[in-house]
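So the structure is just underneath, and the comments pick up after that.
Counting starts at 1 for both ligands and their atoms, in listed order. Since this is a predicted model, take the numbers as computed values, not measurements.
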Amino acid sequence: MKVERVELRRIGLPLVGVFRTSFGVERDRDILLVRVEAGGVEGWGECVALPRPVYSSEYLDGAVEVIRRFLLPAVRSLPQHRAHAVEPVFAKVKGHPMAKAALQTALLDAELRAAGTSFAGYLGGVREAVPAGVSVGIMDSIGELLDAVDGFVEQGYQRIKLKIEPGWDVEPVRAVRERFGDILLQVDANTAYTLADARHLARLDPFDLLLLEQPLPEDDLRGHAELARRVRTPICLDESITSAKSAADAIAMGATSVVNIKPGRVGGYLEARRVHDVCAAHGVPVWCGGMLESGIGRAANVALAALPNFTLPGDTSASDRYYARDVTEPFVLENGQVRVPDGPGIGVLPDPDVLAEVTTSVIRL
Ligand code: NPG
């Protein structure tokens, strides 16, 4: 397979509601879609980098630059443009996992469409539908939070994740636990605390949370291991897990007992599967994270979440939790689950009319 054409398309999608985290406020998504044409088929990938380097060091304009200047030439230097074959040449470019993931996913999508194989089938999925969780942003008041959670519980979401930060943690958790009883509940701090907050974070222990996600900075594995000894809530790592190797290290150190897998954060779906496998071998459950993806990224994530060790509901919500109109057929919630696409490749394509309307720029390479 040889790539004939590549398109880097930026789209702007307004979110249905403001999404606030400890690192910022998202009102709309500026998304980079990568489209490749190869051997008569097309392939799509979505880059999850944010416009600003506030979640990790990557940012959208940087991803565009690294794809056009370094990653695409590396692909073109190969005799075959296969998804697995790009990994050694991508490894020579340091960092930029989200840019790598987007281009590799487009190649993999094209390859699997040509072969008539679905993403889930290729990755080793064992479920036709996956349980959906929902991530609820930081709000101005507890009342507003309870209304939001109420709506999601009504819709059938199987677990609720609350974003927390210093000043918005114990009280919102208490309020949600008291109001909604024994729902599956977890929290995500996006690195907002330090080890000095251990005693405070232990105040979450009585609420029987599934997990406390990424309380400390991403490079602080030792701190997470120490914190895990001081709190009862299981620690789950997100930002810290950048590869299968880092997952193995974190598990060996006792820094994590659950892992959030985001393909963009680890450089693509092949590495995401390796993270899954390493965790499974250690008896560590995983779940699929989300970065407010459009239907393109969501389709591939939902396929990944069909693997056997994804035993916890992921941030794989229905399209309408994010967008009034998605670029693909919307993913819908059915009995608290989202169906895994079974068509070739990622199993969905963007609607050309919608795409044209939301496109803000196109670079053809
Ligand atoms: O459902 O896609 C979703 C959002 C889940 O909370 C969520 N994502 O830190 O995990 C995160 C957070 C995020 C969103 C991170 C956007 C980066 C960008």
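Of the N or O atoms in Tyr55, none lie within a sub-3.5 Å distance of an N or O in ligand 1. For ligand 1, the polar-atom distance check finds an N/O of Gly290 within less than 3.5 Å of one of the ligand's N/O atoms. The distance criterion of under 3.5 Å between nitrogen or oxygen atoms is not met by Arg298 with respect to ligand 1.
Sequence neighbours left out, the pairs with a member in residues 128-144 that pass salt bridge (Lys or Arg N to Asp or Glu O under 4.0 Å) are Arg20-Asp140.
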Cut-off 3.5 Å, no hydrogens considered: what does the side-chain donor-acceptor table look like for residues 38-51, sequence neighbours left out?
from, atom 1, to, atom 2, distance (Å)
Glu42, OE1, Arg35, NE, 2.8
Glu42, OE1, Arg35, NH2, 3.1
Glu42, OE1, Trp44, NE1, 3.2
Glu46, OE1, Ser294, N, 3.2
Glu46, OE1, Ser294, OG, 2.6
Glu46, OE1, Gly297, N, 2.8
Glu46, OE2, Ser294, N, 2.9

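Geometrically, Arg273 engages Tyr122 in a cation-pi contact defined by less than 6.0 Å to the ring centre and at most 45° from the axis.
At the top of the distance list for atom 2 (O) of ligand 1, counting protein heavy atoms only, stands Leu292 N, 2.8 Å. What sits closest to atom 11 (C) of ligand 1 on the protein, heavy atoms only, is Lys163 NZ, 3.1 Å. Distance from atom 1 (O) of ligand 1 to its nearest protein heavy atom, with residue and atom name: Tyr322 OH, 2.6 Å. Atom 9 (O) of ligand 1 has as its closest protein heavy atom Asn190 ND2, 2.7 Å.
Taking 4.0 Å as the cut-off, Thr21 does not count as a neighbour of ligand 1 on heavy-atom distance.
If you number the atoms of ligand 1 from 1 as listed, the ones under 4.0 Å from a heavy atom of Lys161 come out as 6 (O), 10 (O). Shown in contact with Asp315 at under 4.0 Å from a heavy atom are these atoms of ligand 1, numbered in order with element: 1 (O), 5 (C), 7 (C).
Of the inter-residue distances, the one linking Ile251 atom CD1 with Leu221 atom CG reads 11.0 Å to the nearest 0.5 angstrom.
The heavy-atom pair separating Ala247 from Val275 by the smallest distance is CB-CG1, 4.1 Å. The two residues Ser118 and Asp342 have their closest heavy-atom pair at CB-O, 3.7 Å.
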